[in-house]
Q: 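Sending over a structure as structure tokens; questions will come in a sec.
The first residue of the sequence shown is numbered 1, and numbering continues consecutively from there.
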Amino acid sequence: MIRSAPMPADMNGNGDIFGGWVLSQMDIAGGIIAARRAQGRVVTVAVDAMTFHQPIKVGDIVSIYGRVIRVGRSSMAVKMETIVARRLDPTEIKVTEGVYTYVAIDEHGRPRPVPAA
């Protein structure tokens, strides 16, 4: 869904990429997927089962993928995975995964039904 490269300003005190940066990138990607499925605006209401498998380093190419795994009346669960390719190694490594829940909203910010697929 999205691809980016973290910068030195995105590092934590250990020299790895700050987890909050990764979560925000995943939320952006998941929001795009959910908005397409909902055919309109969505909001994030929960992040579940987040797992950090390996650190992300400056210079990694970060790719975030997702798919809708459940649709309720107004909510959707989107399974997100973050994959990196290290600076000089094209081998892909899954570094983070989790499930984000989004709710479809109307122009007044109230929940609305998700259209049938």
Q: Who pairs with Glu97 by salt bridge (Lys or Arg N to Asp or Glu O under 4.0 Å), at least two apart in sequence or on another chain?
A: Lys79, Lys94
Q: Between Ile64 and Met1, is a side chain to side chain contact (heavy atoms under 4.5 Å, CB included) present by the stated rule, with each step listed?
A: CA-CA 6 Å; Ile64 301 174; Met1 181 49 60; 5.6 Å; no
Q: Grouping I, L, V, M, F, W and Y whenever their side-chain heavy atoms are under 4.5 Å apart, do Val99 and Val68 come out in a common cluster?
A: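 Looking at the clustering, Val68 is in a separate group from Val99.
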Q: Any sub-3.5 Å donor-acceptor pair from Arg37's side-chain atoms to Pro115's backbone N or O?
A: yes
Q: Linking I/L/V/M/F/W/Y whenever their side-chain heavy atoms sit closer than 4.5 Å, directly or via other members, would Ile83 and Val95 fall into one cluster?
A: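 Looking at the clustering, Val95 is in a separate group from Ile83.
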Q: Mark yes or no for whether Arg87, through its side chain, and Val58, through its backbone, hold a donor-acceptor pair below 3.5 Å.
A: yes
Q: Give a yes or no on whether Trp21 and Met7 share a hydrophobic cluster (residues Ile, Leu, Val, Met, Phe, Trp, Tyr; joining criterion: side-chain heavy atoms under 4.5 Å apart).
A: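 No, Trp21 and Met7 fall in different hydrophobic clusters.
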Q: Apply side chain to side chain contact (heavy atoms under 4.5 Å, CB included) to the pair Thr96 and Met26, showing each step before the final yes or no.
A: CA-CA 9 Å; Thr96 309; Met26 293 173 77; 3.7 Å; yes
Q: Same cluster or not: Val103 versus Val47, using hydrophobic residues (I, L, V, M, F, W, Y) connected whenever any side-chain heavy atoms lie under 4.5 Å apart?
A: no
Q: Can you get from Val42 to Ile2 by hopping between Ile, Leu, Val, Met, Phe, Trp and Tyr side chains that sit under 4.5 Å apart?
A: yes
Q: If I take atom CG from residue Asp10 and atom CD from residue Gln25, how far apart are they, to the nearest 0.5 angstrom?
A: 8.0 Å
Q: Under 3.5 Å, is there a donor-acceptor pair between the side chain of Arg86 and the main chain of Ile93?
A: no
Q: Who passes side chain to side chain donor-acceptor pair (under 3.5 Å) against Ser4, sequence neighbours left out?
A: none
Q: Tell me every residue that passes side chain to side chain donor-acceptor pair (under 3.5 Å) with Thr91, counting only those two or more places apart in sequence or in another chain.
A: Asp89
Q: Below 4.0 angstrom, N of the basic side chain to O of the carboxylate: do Asp16 and Lys57 qualify?
A: yes
Q: Are there over 12 heavy-atom neighbours, none belonging to Arg3, within less than 6.0 Å of that residue's CZ?
A: no
Q: Which heavy-atom pair separates Ala38 from Val114 by the least distance, and what is that distance?
A: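 Minimum heavy-atom contact is CA-CG1, 4.2 Å.
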Q: Identify the heavy atoms of Ile61 and Ala5 that sit nearest to each other, and give their distance.
A: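 That closest heavy-atom pairing would be CD1-CB, 4.4 Å.
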Q: Only counting residues at least two apart or in another chain, list the ones meeting salt bridge (Lys or Arg N to Asp or Glu O under 4.0 Å) with Arg73.
A: none
Q: I'd like to know if the side chain of Asn12 and the backbone of Asn14 have a donor-acceptor N/O pair within less than 3.5 Å.
A: yes
Q: So which heavy atom on Ile56 is nearest to which on Pro6, and how close?
A: CG2-CG, 4.0 Å
Q: Going from OH on Tyr100 to CE on Met76, what distance comes out if it is rounded to the nearest 0.5 angstrom?
A: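 Here the interatomic distance stands at 15.0 Å.
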Q: Under the side chain to side chain donor-acceptor pair (under 3.5 Å) test, which residues partner Tyr102, sequence neighbours left out?
A: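 Listed in chain order: Asp27.
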Q: Carefully, step by step, assess Ile105 and Arg110 under the rule side chain to side chain contact (heavy atoms under 4.5 Å, CB included).
A: CA-CA 5 Å; Ile105 59 172; Arg110 293 186 297 251; over 6 Å; no
Q: Is there a side-chain contact between Arg36 and Ile33, using heavy atoms and a 4.5 Å cut-off?
A: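 No - every pair of side-chain heavy atoms lies 4.5 Å or more apart.
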Q: Are Thr82 and Phe52 close enough, and set up right, to give a side chain to side chain contact (heavy atoms under 4.5 Å, CB included), and what steps lead you there?
A: CA-CA 9 Å; Thr82 302; Phe52 292 89; over 6 Å; no
Q: Could you work out, with side chain to side chain donor-acceptor pair (under 3.5 Å) as the rule, every residue matching Ser75, not counting sequence neighbours?
A: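 Expected list: none.
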